[in-house]
2 protein chains.
Amino acid sequence: MLSKRAKYAIKTILYLHENDQGLPISAKVISEKERIPYKFLENILRELKTHQILRSVRGAEGGYILAKDPNEITIAQVMRVIDGPIALIPCVSERFYESCPECVDEETCRIRKLFGELRNGMLPILEKSVVELARL
Amino acid sequence: MLSKRAKYAIKTILYLHENDQGLPISAKVISEKERIPYKFLENILRELKTHQILRSVRGAEGGYILAKDPNEITIAQVMRVIDGPIALIPCVSERFYESCPECVDEETCRIRKLFGELRNGMLPILEKSVVELARL
DNA sequence: TAATAACCCTATAACTTTTATAGGGTATTT
DNA sequence: AAATACCCTATAAAAGTTATAGGGTTATTA
């Protein structure tokens, strides 16, 4: 399941993209418009900033803005930052690889093969950019 | 993420299929061979039985056996029984549908569209039968 | 330059889900 | 009748999710 954090994160970048006028948008506005608890949102925003998906502008009239071309920001990136691996088991994850404690031979594990296929099927769908998401 | 319950369940049906000699296999044997905590496994077995994926034979020399043609048992079925929906958000689930509490208009929700596509991409991969899984 | 708006950070609490474990009961075979 | 194995409920330990609290820092603008 997608966590609420991740859902809020996706809503946030989509909102920032669709309301982009070159000016930052405050956490308060995002919180109200997208109905995300303010303090919870702050936490998510910081994480997106740390990973260079957003950048922030401090002071009055400050806020958040996409850190790069929205064509370069994908849903998969956002999900990885917030929830971790796209893959449903860690032994087939590219960026969050972990071996299964009980696994005897990873190369011949059929479950691994199946969920590897699954990951490979999921990825292209989730690699849509914010721009593409906005057009769905 | 796939739960351990679901992983154990998949391992169980794969084990039962590959060691099928027309005789039931005891929970104890499955537990030892697949290294699944016995009491935890019992719980999973009961759930698979309730949903007609396995049937059980009581008494000495009893145990569990696949309830139907292994070509008819899919990984998606097992996952649904144990973990619930395949979809990553409930509003695009076929069998476990739930609306999102905060959603204003489901028809125009882009997140819903994206995760609908994702579900549709995942399903054919997870609809492999136990027989197909064994051959991977 | 003071007030204000907005970001920044750590800790922790409430809640839910996952992962078991305990302890006994019931049915069937040998 | 004893042994084997399934059946069932309750509960606990651990982990993860979803926030909330409370204060600190930075920058703008009146």
Side-chain angles (χ1 to χ4, degrees), chain A residues 1-12 16 23-51 53-65 67 79 81-85 88-90 96 98 100-102, chain B residues 1-12 16 23-51 53-65 67 79 81-85 88-90 96 98 100-102:
Chain A
M1 277 285 176
L2 190 74
S3 71
K4 274 199 168 187
R5 276 176 76 80
K7 196 172 180 184
Y8 290 160
I10 296 170
K11 285 192 170 189
T12 295
L16 288 178
L23 297 171
I25 297 173
S26 73
K28 192 178 174 221
V29 168
I30 301 168
S31 162
E32 283 165 0
K33 295 285 184 184
E34 294 296 331
R35 293 174 183 159
I36 304 171
Y38 180 76
K39 284 291 196 180
F40 196 32
L41 176 62
E42 270 198 328
N43 206 278
I44 296 165
L45 289 168
R46 183 152 15 91
E47 210 154 334
L48 292 173
K49 189 197 162 174
T50 302
H51 289 83
I53 290 173
L54 303 182
R55 60 191 176 77
S56 67
V57 179
R58 305 184 89 158
E61 305 295 311
Y64 293 89
I65 196 163
M79 287 176 67
V81 164
I82 302 296
D83 277 353
L88 262 51
I89 49 177
F96 298 87
E98 273 180 60
C100 304
E102 83 277 14
Chain B
M1 277 286 175
L2 189 74
S3 72
K4 276 200 168 186
R5 275 176 77 81
K7 196 172 179 184
Y8 290 161
I10 296 170
K11 284 192 170 192
T12 295
L16 288 177
L23 298 170
I25 297 173
S26 73
K28 193 180 174 217
V29 167
I30 300 168
S31 164
E32 284 165 1
K33 295 283 185 184
E34 295 296 330
R35 293 173 184 161
I36 304 170
Y38 181 76
K39 284 293 197 178
F40 196 30
L41 176 62
E42 271 197 328
N43 206 279
I44 296 165
L45 288 167
R46 183 152 16 91
E47 211 154 335
L48 292 173
K49 187 194 164 174
T50 303
H51 289 83
I53 289 173
L54 303 182
R55 61 191 174 79
S56 67
V57 178
R58 307 186 87 158
E61 305 295 309
Y64 292 89
I65 196 162
M79 287 176 66
V81 164
I82 303 295
D83 278 353
L88 263 52
I89 49 177
F96 297 87
E98 273 179 58
C100 304
E102 83 277 16

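Below, all heavy atoms of this structure are taken into account, side chains as well, without hydrogens, waters or symmetry copies. Residue numbers begin at 1 in each chain, while the letters A, B, ... track the order of the sequences.
Rounded to an integer number of Å, the gap from CD1 of A:I30 to P of C:dC7 is 8 Å. Atom CD1 in B:I89 sits about 18 Å away from atom C1' in D:dT17, given to the nearest Å. Between B:D83 atom CG and C:dT18 atom P the separation is 7 Å, expressed in whole Å. The distance between atom NZ of B:K39 and atom C1' of D:dT9, rounded to the nearest whole Å, is 11 Å. Taking atom NZ of A:K11 as the reference point, atom P of D:dT18 lies 13 Å away to the nearest angstrom. Distance A:K28 NZ to C:dA6 P: 7 Å, rounded to the nearest Å. Between the CG atom of A:L41 and the P atom of C:dC8 there is a distance of 12 Å, given to the nearest Å.
For the pair B:M1 and A:P85, the minimum side-chain heavy-atom distance is below 4.5 Å. With a 4.5 Å cut-off on side-chain heavy atoms, B:P24 and B:R55 do not count as touching.
For A:E42 against C:dC8, a side-chain-to-base donor-acceptor contact under 3.5 Å is present.
Using a 4.0 Å cut-off, some side-chain N or O of B:Y8 falls inside it from OP1 or OP2 of C:dA20. Between B:Y64 and D:dC7, a side-chain N or O to OP1/OP2 separation shorter than 4.0 Å is present. Taking 4.0 angstrom as the limit, A:K49 places a side-chain polar atom (N or O) nearer than this to OP1 or OP2 of C:dC8. Distances shorter than 4.0 Å separate some side-chain N or O of B:S56 from OP1 or OP2 on D:dC7.
If B:G59 and A:L2 are placed on DNA chain D by their nearest nucleotide, the residue sitting closer to the 5' end is B:G59. Taking the nucleotide of DNA chain D with the nearest heavy atom to each of A:N43 and B:V57, the more 5' of the two is matched to B:V57. Where A:A60 and A:T50 meet DNA chain C, the nucleotide closest to each residue was compared, and A:A60 sits on the side nearer the 5' end.
Under the 3.5 Å distance criterion, the side-chain polar atoms of A:D83 are left unmatched by any main-chain donor or acceptor of A:L2. Side-chain N or O atoms of B:S31 include one that pairs as donor or acceptor with a backbone N or O of B:I36 at under 3.5 Å.
Among C:dC9, C:dC7, D:dT29, the nucleotide with an atom closest to any side-chain atom of A:R46 is C:dC9. Among the nucleotides D:dG22, D:dT18, C:dT28, the one closest to the side chain of A:S3 is D:dT18. The side chain of A:P37 lies closest to D:dT20 when the candidates are D:dT20, C:dG25, D:dC8. Nearest to the side chain of B:R5, among C:dT19, C:dA27, C:dT21, sits C:dT19. Nearest to the side chain of A:K4, among D:dT18, C:dC8, C:dT19, sits D:dT18. Each of C:dT21, C:dT30, D:dT18 was ranked by its minimum atom distance to the side chain of B:F40; first place goes to C:dT21.
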| field | Residues A:N43, A:R5; criterion side-chain contact (heavy atoms from CB on, under 4.5 Å); working and verdict | value | CA-CA 9 Å; A:N43 206 278; A:R5 276 176 76 80; 3.4 Å; yes

